[in-house]
Each structure stands twice: as structure tokens, then as C-alpha cells.
Amino acid sequence: MKVNGVSLRPLRPLPDGRGIEVIDQRRLPFELQMRPLRSARDVFVAIREMWVRGAPLIGAVAAYGLAMQARKDASDVALRNTAGFLKGSRPTAVNLAWAVDRLLAHVLVLPESARADAAWAGAEAIAEEDVRVNEAIGRHGLLLLQAIAARKPGPVNLLTHCNAGWLATVDWGTATSPIYQAHAAGIAVHVWVDETRPRNQGASLTAWELGQAGVPHTVIADNAGGHLMQHGRVDLCIVGCDRVAANGDACNKIGTYLKALAAHDNGVPFLVAMPTSTLDLALADGVHGIPIEERSGRELTHVSGRTSAGEVVEVQLTPDGSTAANPAFDVTPARLITGLITEHGVVAAEAAALHQLMEGRR
Ligand code: MRU
């Protein structure tokens with residue numbers, strides 16, 4: 001996608017082929033800063049501290065982390081240890097393990113001398129595949145938006161939560177890909193952007209992305225969605241996901257579940273954009289099986305923003321001494337999900353459909 005008219009991705013290989021550059025997403029929307037990552041340790045820190053975030057992006061960045069290790073020591077022991085280390089950086093998004101395990105399997109069968117170049121090419125392939133997958137999700141999602149546009153006057157009003165945009169992927173985004181494609185096709189769209197407390201990925205990242213693309217949008221407090229749905233001001237919810245279990249339960253940023261409940265109560269379609277790399281068929285039940293990351297309470301008790309003098313500062317919100325709990329994700333039960341928009345088309349959030357989808361790909 002473009003920033004100030006120039007194509008940009010949140011991840012790009014450095015010219016020497018030994019590292020990558022990533023957008024430091026902690027600094028957006030006020031500053032666009034690329035930072036180099038040159039070792040698996042750098043990658044671990046960037047994922048854990050959320051310079052990079054979003055399920056598909058952390059998978060691709062972690063793959064490059066393993067490839068960086070292969071340049072230094074490509075022995076079985078070193079690669080296996082690094083893979084385990086990288087997978088431990090964040091627990092919820094399954095794309096991380098998907099990408100690292102895929103790359104590890106790809107290189108371990110090769111002679112040690114061939115592994116470094118193969119790992120680098122494998123990481124590139126994972127990143128490029130993500131772009132194609134998200135573009136395809138956009139094409140399938142576009143049909144849903146076209147259908148809504150055809151039956152009502154005025155813009156199609158969407159609601160999204162967190163950032164499942166191009167910043168969370170290698171390009172296009174998942175939930176935002178249909179929106180960008182509809183906008184490009186001349187369909188009038190308007191996006192309600194949940195601010196997404198506590199880290200505010202909606203307010204700081206999704207709003208910035210949509211603004212760069214010229215897509216009309218309005219930032220709302222997380223608590224406003226139910227009211228808007230009740231009054232007919234949301235035609236469709238589209239969110240991303242970090243892990244979908246075999247029964248169709250979908251884990252995404254904390255607060256997604258409440259949006260799905262409100263959508264269900266008000267007859268608003270609730271779609272989850274799901275690259276198949278986010279599907280975890282090994283997990284039967286999402287609500288009870290998906291590991292939920294607990295992050296520091298400081299993300300709740302403090303907030304950062306720009307002062308009128310232009311300085312980005314952090315301030316405290318809560319009384320001294322109050323403790324804060326910060327579960328970073330929740331799981332929306334499959335019964336509340338209208339459909340999963342995958343790269344292969346829209347699929348029901350239920351076990352038989354998901355098994356059939358993956359069987360068909362084997
Ligand atoms: O904690 P984050 O910012 O990594 O959470 C991101 C989300 O929950 C996204 O919706 C999800 O990863 C899908 S990104 C295409």
C-alpha cells in the first residue's frame with residue numbers, strides 16, 4: 001500500500017540479504033520510522049515489544065529471524081533452538097509457529113551448506129505468499145461489499161476492531177483488503193474504527209492506514225459499536241483473527257467478542273477475515289483451547305499521545321496503587337460468526353466446512 005503516495009511494506013529485506021527493516025509501529029501515527037533487525041534476538045524483541053504486530057506479519061518476520069540465524073549457524077541444534085526461541089515471543093497468533101515450523105522443515109532436510117540461502121528464499125516465499133493470500137481475501141470480501149452496495153443507497157458502513165490492515169500483514173491486510181478493493185472499485189465505503197483499548201491499534205494504526213488510502217472513516221470508542229449497530233448504522237463487521245480452532249471459534253484482539261455479541265443481537269453480519277495460515281486444526285475448541293496472551297497492566301494504566309507542542313509523551317490514567325489486568329485477546333464462538341473470508345472464498349465457521357476446505361488443498 002502507499003504512504004504519501006509511495007509504496008511501502010511494514011517489512012523489507014535489507015540489501016545485504018542479512019537482515020530486514022520493519023516499521024516501528026509503536027511510533028505511529030506520529031512518526032514513520034524503519035528499524036533494522038539483524039539477528040533472531042532482534043526479531044524476538046521486535047515481536048514481543050510489538051514494534052511489529054498482527055498475526056501474519058509476526059509470522060513473516062519470525063521466518064526472517066530463523067533465516068538470519070541460518071546465516072550464522074545452520075546446524076540442526078542451532079536452528080531448532082532458534083525456532084523454539086522465536087515461537088516463544090508471543091503465544092496467541094498461530095501464524096508465528098506456522099511460519100517458523102514451515103521454514104524449519106524446509107531447511108532441515110538440506111545439507112548444512114545449502115541451508116542459509118534456502119532459508120532466506122523460504123522466508124521471502126512466506127512473505128510473498130501472504131501478499132497473494134490477502135489480495136485474494138480482498139477479492140472474496142469485495143463480493144460481500146458489492147452486494148450490500150447494490151441494495152442500499154449511501155456508503156457501505158463497516159465496523160472493524162484493532163488493526164487487521166496492511167501494517168498487520170506483509171501487504172493489503174486481511175480485514176481491510178476488501179475495503180481497499182471496494183474503495184478502488186469506486187464503491188462508497190465508510191469505516192467505523194474501534195479505538196481498541198488498551199494499545200489503541202484502531203485509533204493509531206487502522207485510522208492512519210485508512211487515511212493514507214483516502215478511505216472515509218470515523219474513530220469510535222470501543223463501547224460505541226453496540227449503539228451504532230442498534231441504530232442501523234453498521235452494515236457489516238469485518239475483523240481479523242490470530243487463531244481459528246477446528247470448530248470455527250475465532251480468537252482476535254480483546255473486545256472482538258463483545259462486537260460479535262452486539263452484531264448477533266442486531267442482525268448485523270459478522271465476518272472474520274482468515275488466511276488459512278491462521279487456522280489451527282489441531283485445536284478442537286477455541287474458547288477453551290487458545291492460549292490468551294496476558295500483557296503488562298502498564299498498557300492499561302498508562303497511555304501515550306502527542307501534546308499540542310508536538311511532543312509524544314506517556315501519561316498515567318489510573319490512581320497510584322490500582323492494579324490492572326490485561327488479557328490481550330478473546331475468542332468469539334463460532335455461532336456468532338457469519339462466515340470466514342479465506343483466500344479460497346467465504347467458508348462457514350464450523351468443523352465440517354473447515355476440514356473440507358483444508359482437505360481440498362492437500
Ligand atoms: O496484539 P496485536 O496488535 O498483534 O493484535 C492484532 C490483531 O488482533 C489482529 O486483528 C490480528 O492479528 C489479525 S491481523 C491481520
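Keep in mind that what you see is a predicted model, and the values were worked out from it rather than measured. First listed ligand is number 1; within each ligand, the first listed atom is number 1. Throughout, numbering of the chain's residues begins at 1 and tracks the sequence.
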Query - Best match, Val272, Thr176, Thr174: closest heavy atom to atom 15 (C) of ligand 1 - result: Thr174

Query raised in the report: Just by distance, do the side chain of Gln316 and the backbone of Thr318 share a donor-acceptor pair under 3.5 Å?
Result: yes

Report task. Check whether any side-chain N or O of Lys72 sits under 3.5 Å from a backbone N or O of Ala78 as a donor-acceptor pair, and report yes or no. Result -> no

Query raised in the report: Is it true that Asn163 lies under 4.0 Å from ligand 1, counting heavy atoms only?
Result: yes

Report task. Specify the protein heavy atom at minimum distance from atom 6 (C) of ligand 1: its residue, its atom name, and the distance to 0.1 Å. Result -> Arg53 NH2, 3.5 Å

Report task. May I have the step-by-step check of side-chain hydrogen bond (donor to acceptor under 3.5 Å, both in side chains) for Arg53 and Asn163, ending in yes or no? Result -> CA-CA 9 Å; Arg53 25 73 48 209; Asn163 173 261; 2.9 Å; yes

Query raised in the report: What about the rings of Trp166 and Tyr180, do their centers lie closer together than 6.0 Å?
Result: no

Report summary line: Short version for Lys253: what comes under 4.0 Å of ligand 1, heavy atoms counted, is both

Query raised in the report: Any non-hydrogen atom of Met50 lying under 4.0 Å from ligand 1?
Result: yes

Report task. Using distance alone, decide if ligand 1 has a nitrogen or oxygen within less than 3.5 Å of any nitrogen or oxygen in Ala55. Result -> yes

Query raised in the report: Using a heavy-atom cut-off of under 4.0 Å, does the side chain or the backbone of Arg90 touch ligand 1, or both, or neither?
Result: side chain

Requested in this report: Return yes if some donor-acceptor pair links the side-chain N/O of Asn326 with the main-chain N/O of Glu294 below 3.5 Å, else return no.
Outcome: no

Query raised in the report: Does Gly173 come within less than 4.0 angstrom of ligand 1, counting non-hydrogen atoms of the residue?
Result: no

Report task. Please confirm whether His161 comes under 4.0 Å of ligand 1, counting heavy atoms of the residue only. Result -> no

Query raised in the report: Under 6.0 Å from the six-membered ring centre of Phe270 and within 45° of its axis: does the NZ or CZ of Lys259 meet both?
Result: no

Query raised in the report: Do any nitrogen or oxygen atoms of Thr169 lie less than 3.5 angstrom from nitrogen or oxygen atoms of ligand 1?
Result: no

Query raised in the report: Is there a donor-acceptor contact under 3.5 Å from the side chain of Thr176 to the main chain of Trp172?
Result: yes

Query raised in the report: Considering only heavy atoms, does Ala164 approach ligand 1 within less than 4.0 Å through its side chain, its backbone, both, or neither?
Result: both

Query raised in the report: So, the side chain of Asp24 versus the backbone of Gln33: is there a donor-acceptor pair under 3.5 Å, distance only?
Result: no

Requested in this report: For Gly54, counting its heavy atoms only, list the atoms of ligand 1 lying under 4.0 Å from any of them.
Outcome: 4 (O), 12 (O)

Query raised in the report: Any donor and acceptor pair, going by atom type alone, linking the side chain of Ser277 with main-chain N or O of Asn95 inside 3.5 Å?
Result: no

Query raised in the report: So, for Val347 and Ala353, which heavy atoms are closest and what is the spacing to 0.1 Å?
Result: CG1-CB, 3.8 Å

Report summary line: Looking at Asn134, Asn200, Asn95, Asp242, the heavy atom closest to atom 8 (O) of ligand 1 belongs to Asp242

**Report entry** Where ligand 1 meets Gln201 - atom numbers and elements under 4.0 angstrom, heavy-atom basis
**Finding:** 1 (O), 2 (P), 3 (O)

Query raised in the report: So which heavy atom in the protein is nearest atom 9 (C) of ligand 1, and how far is it from that ligand atom?
Result: Asn252 OD1, 3.4 Å

Requested in this report: Write out the residue and atom name of the closest protein heavy atom to atom 14 (S) of ligand 1, then the distance separating them to 0.1 Å.
Outcome: Ala168 CB, 3.5 Å

Query - Identity and distance of the protein heavy atom lying nearest atom 13 (C) of ligand 1 - result: Cys241 O, 3.3 Å

Query raised in the report: Counting only N and O atoms by type, is there a donor-acceptor contact under 3.5 Å from the side chain of Glu128 to the main-chain atoms of Arg132?
Result: no

Query raised in the report: Can you tell me if Cys162 has a non-hydrogen atom under 4.0 Å from ligand 1?
Result: yes

